[in-house]
Amino acid sequence: MIFQALQSLMTPTSLFAVFAGTVSGVFVGGMPGLTATMAVALLIPVTFTLEPLTGLILMGGVYCGAMYGGSIPAILLRTPGTPAAVATALEGYPMSQKGHGGLALKVSVISSFVGGTFSVLILLLIAPILAQFALIFGPPEYFLLAILGLVGIVSMADDENKLIKALISGLLGLIIALIGTDPISGMLRYTMNMTDLYDGVAFLPALIGMFSISQMLELTGTKSIIFEPSTMKKIKREPFPKGLKKFIAIGSATGTIVGLLPGEGATIAAFLSYNFARQHSKNKKLFGKGNPEGVAAAEAGNNGCVGGSLIPTLTLGIPGNSVAAALLGGLLVHGLIPGPELFTKYGVMTYGFILSLFLANLIFLVIGLYMSPYFARIAFTPTELLIPVVCLFSILGSYAMNNSLLDIFVALLCGIGAVILQKTGFSLGALILGLILGPIAETGFSQAMIMGNGNYAIFFDRPQGIILWLIILLLLIPPVIQIFRRHRQK
Amino acid sequence: MTKRLAELLSLSMFLLIAILLYKSTMNFPEVVQNSTAAYVRFLAICFGGLCLLAILLRLKSKSTEENKKLDLAAAPVRFWSLLILMFVYSLLLEPLGFYLASALFLPVTMVVLGARKKILIALTAVGVLLFVYIVFAKLLGVPLPESSLF
Amino acid sequence: MRKFLLLATILFFAFTGLALAGYPAKTIKIIVPSKAGGSTDTSARLFINAAKRHMKGANFVIKNVPGSGGQKGFEEIANSKPDGYTIGMMFTPQIVAHIVSKRARYTLDDFHVMGNMGKDPLIIAVPKNSPFKNLKEFIDAARTKKLTVAVNGIGSDDFVAAKKFENLTGAKFNLLPTKGSTEQKALILGGHVDGSFMNITQLHAQHKAGTAHIIALLDSKRSYILPDLPTAEELGYPVDMTATRGFVTPKGVPEDTAKKLDKLLEDVMNDPEFIAACKKDVIILKHMKGKEYHDYLVGLQAEIQKFFDSTPW
């Protein structure tokens, strides 16, 4: 059957569809405010006039391409094209500032390719088994997963003063995430009667503000993004740094596993991978100042989500995230109902689709490698032209996400707020981690409390929960010991 | 304003937020007192406690590092004008519509930030607008802010 | 500089297009109060596909206004210019539930109802290895001990259906609100809850694949999607609850334009290609004309008001 699928993929139409899908995906992912979800939804009616396989391939290409595309502006301009690229921006942009933008792009595209390919391989080989794994996660486990992510805050700090500030920043993020509708009672809280806030502070606009707009404000004092223009000539061909394999592997595995969990997104996968990499790195000091290890882990992580999220989508009909949900819509349009039949009766098409994802990964690898020296030139644009244009797209992107004017002001406020917080020594990374994980932590905690009839025991008496507790402890102990040692030395 | 003062100010503001947050959970409905209200109270206590701790540590420490002036921007004039221009632009989006507002925002901001070559300014602005029109409006059908005047 | 402004102005007017010949002279915007790619969004996109065949020269664009259970989108429809170039999708019971809970800044009178397009009846589902094999066992168990049941948020159709069951049978549910059908599916398939109230199109595939078990349909008639599934009424529990999805415009659209739009919906509903497309996507079509649908909405609002008065949320 796989051979047949391969045959159906090797037609000119299919090949063109993969190519067109991937290229437009990279583009859509790279523009803040245009999302893969939007593009896939746009394609659904178009696919009616096409063969079902062609339509699916097109959507799959968009999905793969967009996940990678988000990292390009994140690295070059600190403007996340997708929320998932924020972790990449943490390391990639400092690299650009030092004149290593081209190298960061190269690391990003290779890690994306490996992460994406690995997860699709998993999807191809052991999807049904892993789908069962996704189901053992209930509300208590989601809460613990959020804790697991928040533990990363501790490893972001290196002494107790910074630790306190990082924790305060993380909590501030969690508190901002409270704005909106109470997940249990449906009561509105802290919304100031603004309809646009009923669903909480919109995520992408806040991130655009904190990263892109704050950075553009700071750039007003400089002539170009790169600190020392003298490094300009070196940028051309830099050798690929050694020792990144470990971090790409960490990212790919984390991304695939997190992608599996319904509702958990690539953003969390990227941040978790980033934190794991930070823990395992020998160059911890370099993190936050442009460490290619961070870029590798984060990008492998968010692309690993692609294959991971398709596993529950195709086998159980539970979409792993919003793009997968739109893709599921595309499947249903053609009368393809997720489940075992998809792999037997419609096997040729399903496997054709999965195989096309490999091709999509390959296409963006080639495009990325070929184009990255050209993209990297953006960093040389004089700021007086660059800043207005990036600001315009940041504002347009904040608006286009939910078609809401309020979101623009959210972005602007977050922008100036981020500048102030950073200058007073608070941690932006911790704040964002809190913001991302807040809704999951709260919903998981509250739902678990309802399931357990108000008893905290539910967090401790499920085997899957205990395993998560163990991982949390493993992650927590080393940085805490380190901070204690530093304190003694003083 | 010194860095130390700015820090103390923001920390006390956070402390106030923590107290208000804790108090607000009293008004949560009975059904969630055990779930979401408990979660919010936990956050408020941690947040308030840590802020208090940070304030105490800050008051105790006497490092000279902290007495430096807080400078938000390297080029304050450009920094604040960019921020104000962005606010004005956002406010103008609704009455003027995206294209007209942007056609004003781009050149003005470029000039404020120090661009002097007229051709470059015009080319960039027209290029960006055309790009948005073709890709956002025509190709992807993304609705842009529309004018309420015309 | 001046030249540039002139050029910009010319471009601007060229884009918006000022030619005002007969209706439709410009693009018609459809406000969809949900995320791109969801089933409401898909049905709007299918509608456009068919509508283009029936209204020559018409162009449509979708504006997704997701969030707050559709309220943001409903408000935007109600407040948009009544010139016939903005129409919107709406869904029940959320559109009236927001009015009842006094959150909405609109009333039903702010809309001209074009008509209903589809429906999606509710079901009760249990995990595949649940001890309850049918509705009777499920309800009997709920009478003795609180069963944990997933619903899609407070005030949603699922929630109202669960409350209806509580009122009718004296059963008690431990209601677990979720963020939507994805989460509900995961809870049911993973066996984390005793049961779930949700829509039939959200779970029929899992039922057919054997990964979840649907025990009752809350509709007056059996559904063609799962003809073997008994209705709750057949099983002795007369409860029905259905979500519907229709089209509205803001109030005050010129009468002949409104008529054209109503006619367009009717034409689309009778379009064989559209019907075939909806069958595949398992959107259950149910046409109601404007007047009929408006009456339905008013009735629904009164019904939900009753629940809100007894247990406000």
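The analysis underlying the following values was restricted to heavy atoms, covering all of them including side chains, and did not include hydrogens, waters or symmetry mates. Just so it is clear, the model here is predicted, and its values are computed rather than measured. Each chain gets a letter, A, B and so on, in the order its sequence line appears, and its residues count up from 1.
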Shortest non-hydrogen contact from [X] toward [Y]:
X        : Y        : answer
B:Lys3   : A:Lys423 : CE-O, 3.2 Å
A:Gly221 : B:Ala74  : CA-CB, 4.1 Å
A:Phe445 : B:Ser35  : CE2-O, 3.3 Å

Which bit of [X] is near chain A, if near means a heavy-atom gap under 4.5 Å: side chain, backbone, both or neither?
X        : answer
B:Leu139 : backbone
B:Ser90  : both
B:Leu53  : side chain
B:Phe131 : side chain
B:Val77  : neither
B:Phe136 : side chain
B:Val111 : neither
B:Leu57  : side chain
B:Thr36  : both
B:Phe47  : both

At a heavy-atom distance under 4.5 Å, which candidate from [options] has the highest pair count against chain A?
options                               : result
B:Leu85, B:Asn27, B:Asn34, B:Val112   : B:Asn34
B:Leu106, B:Thr124, B:Val135, B:Leu91 : B:Leu106
B:Ser24, B:Ala54, B:Ala38, B:Pro145   : B:Pro145
B:Leu11, B:Val40, B:Leu82, B:Val128   : B:Leu82
B:Ile17, B:Val32, B:Val132, B:Leu120  : B:Val32

Query - Set of ring pair (Phe, Tyr, Trp, His ring centres under 6.0 Å) partners for A:Phe211, sequence neighbours left out - result: none
Sort out for me which of [options] touches chain B most, counting heavy-atom pairs under 4.5 Å.
options                      : result
A:Leu42, A:Val389, A:Leu412  : A:Leu412
A:Asn403, A:Leu172, A:Leu167 : A:Leu172
A:Met449, A:Glu442, A:Gln422 : A:Glu442
A:Ala39, A:Ser24, A:Ala441   : A:Ala441

Do [X] and [Y] make a side-chain contact, defined as non-hydrogen atoms from C-beta onward lying under 4.5 Å apart?
X        : Y        : answer
B:Ser102 : A:Leu392 : yes
B:Tyr89  : A:Cys391 : no
A:Thr220 : B:Trp80  : no
A:Val419 : B:Phe79  : yes
A:Ile184 : B:Val31  : no
A:Leu34  : B:Val142 : yes
A:Tyr399 : B:Leu93  : no
A:Ser185 : B:Phe28  : no

Less than 4.5 Å to any heavy atom of chain B: does that hold for the side chain of [X], its backbone, both, or neither?
X        : value
A:Ile168 : both
A:Leu396 : side chain
A:Ile420 : both
A:Ile416 : side chain
A:Ala448 : neither
A:Leu217 : both

Query raised in the report: With a cut-off of 6.0 Å (strictly less than), are more than 12 heavy atoms of other residues, nucleotides or ligands near CD1 of B:Ile119?
Result: no
Requested in this report: Kindly indicate, with the supporting measurements, whether the criterion side-chain contact (heavy atoms from CB on, under 4.5 Å) is fulfilled by A:Met216 and B:Met86.
Outcome: CA-CA 11 Å; A:Met216 289 305 130; B:Met86 280 197 283; 5.8 Å; no
Spatial distance of atom [atom1] ([X]) from atom [atom2] ([Y]) [nearest 0.5 Å]:
X        : Y        : atom1 : atom2 : result
B:Leu50  : A:Leu163 : CG    : CG    : 8.5 Å
A:Leu171 : B:Cys51  : CG    : SG    : 8.5 Å
B:Arg78  : A:Thr383 : CZ    : OG1   : 7.0 Å
B:Leu113 : A:Ile387 : CG    : CD1   : 5.0 Å
A:Leu413 : B:Phe87  : CG    : CZ    : 5.0 Å

Query raised in the report: Do B:Tyr39 and A:Phe143 have ring centres separated by under 6.0 Å?
Result: no
**Report entry** Pairs touching residues 167-182 of chain A that satisfy salt bridge (Lys or Arg N to Asp or Glu O under 4.0 Å), sequence neighbours left out
**Finding:** A:Asp182-A:Arg189
